[in-house]
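These notes are about the structure you will find just below.
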Amino acid sequence: MPINPRKLVYIETFGCRMNDHDSARMLAMLEGMGYNKTDAPERSDLIVINTCSIRDKAEHKVYSTLGRFRILKEQRRSLVIAVSGCMAQQLGALIFKRAPFVDVVFGTHNIHKLKALLDERARSGAKTIAVDFNDEAGGNELVRLPDGPDNHKASVAIMRGCDNLCSYCVVPYTRGAETSRPIDDVLREVQALAGRGVKEVMYLGQNVNSYLTGALGFVELLRKTATIAGIERVRFMTSHPKDISPALIGLFGEEPKLCRHLHLPVQSGSNEVLSRMRRAYTREDYLSKVMAIKRLYPDMAITTDIIAGFPGETDADFRDTMELLRTVRFDNIYSFAYSPRPGTSAMSLDGHLPEDLRHTRLRLLQEEQKAISIELNRAMTGAVLEVMVDGIGRDKDMQGRSRCNRLVHFPASNDAPCGATVDIMITDAYANSLRGVVCDGAGMAACVC
Ligand code: 5AD
Ligand code: SF4
């Protein structure tokens with residue numbers, strides 16, 4: 001029997017990759033405090049729910065999860081329940097009112113206070129809370145091992161918050177104003193990760209193109225990252241169409257480690273809607289940038305985000321978005337029905353559409369895109385893609401990602417350990433993935449990405 005058994009923490013994460021990243025930071029801190037991670041909330045001593053408020057659906061999911069954990073708390077009073085992330089930031093002490101069994105609430109800028117909050121809770125038995133903005137001392141320096149079987153890949157946050165104030169978006173209120181990490185600090189983290197075997201780094205930020213002083217700051221960071229020994233692939237997200245620079249576009253042609261995938265949210269194909277969204281570009285601006293990128297790099301995968309049914313969106317506006325989809329032929333889209341978010345300026349716009357119309361338009365977008373994705377994926381059959389192996393997928397097959405971020409399945413092979421890159425010849429194509437076989441190159445087409 002161990003004298004001092006380690007305690008167990010269960011973390012449930014909602015929302016975006018920034019939240020996944022924050023949860024990984026919390027886990028690294030908690031491990032330093034004597035906790036081990038568990039996948040079984042009923043066995044845990046501490047539950048952390050890292051929340052999202054980007055759409056109301058995400059908030060509903062958090063409330064139903066909280067309901068599940070209330071029952072556990074009723075069965076075991078010693079269980080500590082903490083709520084973090086965007087909902088915690090927005091609602092603060094209201095969380096205790098809505099869910100009185102919650103013990104600790106902390107916001108997006110207060111992760112470094114987790115230990116102090118838990119200690120105080122253990123000492124006094126009282127509820128503890130920290131939701132101050134601009135209070136992130138020490139939080140960003142943290143170097144951590146990436147989580148899970150993918151530990152040849154890691155996400156690194158290079159900035160926090162957003163200054164864009166798109167009219168529908170809650171992020172500037174939940175994550176605060178845009179701040180960039182110093183370049184040396186980021187590079188030190190990547191160097192440490194490379195030293196631990198990480199081969200692929202994904203830079204995260206709400207608008208990476210305005211990192212530091214803008215375009216050149218980000219390009220400099222990418223160039224320096226590519227010189228770090230051991231790093232084979234560099235990715236980033238998310239880019240804002242108004243800020244993507246010629247220097248960054250040029251870098252894709254100069255730096256082979258920069259993966260040819262660009263996530264460039266368009267949100268709508270209608271100029272009227274884009275203007276009410278406060279996106280600061282027109283449909284024509286977007287199309288000319290994207291088409292120029294496609295001409296320069298025919299193998300570049302381009303993905304986007306689209307909101308269906310924004311307030312005031314007419315049938316003609318929606319047709320413009322559908323037509324933009326057909327013109328660009330995105331590799332994939334992430335599409336959402338507009339969700340009114342308290343505190344955002346779009347709430348007070350005229351012309352809010354009924355929910356069923358928003359969802360009908362969403363379905364039409366998704367059907368259109370599915371056909372496009374299948375066509376583009378089918379065009380890949382016979383091609384050879386360089387795939388970095390992530391491990392075992394469904395049906396005991398192996399899976400990995402191409403440079404253009406396509407998910408590729410292939411029969412298990414001893415020559416393809418996690419983190420290795422293998423050439424896969426594509427034999428079958430689906431809407432969201434490809435399938436192929438490991439090839440030795442003899443007589444095969446050249447690798448296309
Ligand atoms: N309703 C629907 N979708 C939204 N997004 C952001 N806010 C909302 C909202 N209120 C989408 C945008 C953004 C993505 C991360 O989430 O498309 O790019
Ligand atoms: Fe939200 Fe717009 Fe900032 Fe993206 S750029 S996080 S949509 S405010």
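These values consider heavy atoms only, across backbone and side chains, with no hydrogens, waters or symmetry-generated copies. Numbering starts at 1 and runs along the sequence shown. Each ligand, and each atom within it, is numbered from 1 in the order the structure gives.
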* Asked: Are the side chains of Y10 and F69 in touch, meaning some heavy atoms are under 4.5 Å apart?
  ->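 Yes, side chains in contact.
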* Asked: Strictly under 2.8 Å, is any N, O or S atom of C169 next to atom 1 (Fe) of ligand 2?
  ->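 Yes, within the cut-off.
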* contact_flag C166 ligand 1 heavy-atom lt 4.0 Å ->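 Contact absent.
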Among all protein non-hydrogen atoms, which one is nearest to [atom], and what is the separation to 0.1 Å?
| atom | answer |
| --- | --- |
| atom 10 (N) of ligand 1 | S339 O, 2.8 Å |
| atom 5 (S) of ligand 2 | N164 ND2, 3.4 Å |
| atom 4 (C) of ligand 1 | R55 NH1, 3.4 Å |

* To do: Kindly confirm or rule out a cation-pi arrangement of R276 over F310, judged by NZ or CZ under 6.0 Å from the six-membered ring centre and within 45° of its axis?
  =>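 Here R276 fails the 6.0 Å and 45° test against F310.
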Quick one: does ligand 1 sit under 4.0 Å from the side chain of [X], the backbone, both or neither, non-hydrogen atoms only?
| X | result |
| --- | --- |
| C16 | neither |
| Y168 | both |
| I54 | both |

* Contact between R279 and ligand 2, counting heavy atoms under 4.0 Å? -> yes
* Asked: Which of the atoms of ligand 1 are close to Q267, meaning less than 4.0 Å from one of its heavy atoms?
  -> 12 (C), 13 (C), 17 (O), 18 (O)
* Are F236 and F218 close enough that their ring centers fall under 6.0 Å? -> yes
* Parallel, tilted or perpendicular: which describes the rings of H109 and F133, with under 30° parallel and over 60° perpendicular? ->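 Taking F133 first and then H109, their aromatic rings stand perpendicular (interplane angle over 60°).
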* **Residue C166, metal atom 2 (Fe) of ligand 2, N/O/S under 2.8 Å** =>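 So C166 does bind atom 2 (Fe) of ligand 2 by this criterion.
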* Answer yes when K73 and D103 have at least one side-chain N-carboxylate O distance shorter than 4.0 Å, and no when they do not. =>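 Salt bridge: yes.
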* **Atom indices of ligand 2 within 4.0 angstrom of C162 heavy atoms, with elements** => 3 (Fe), 5 (S), 6 (S), 8 (S)
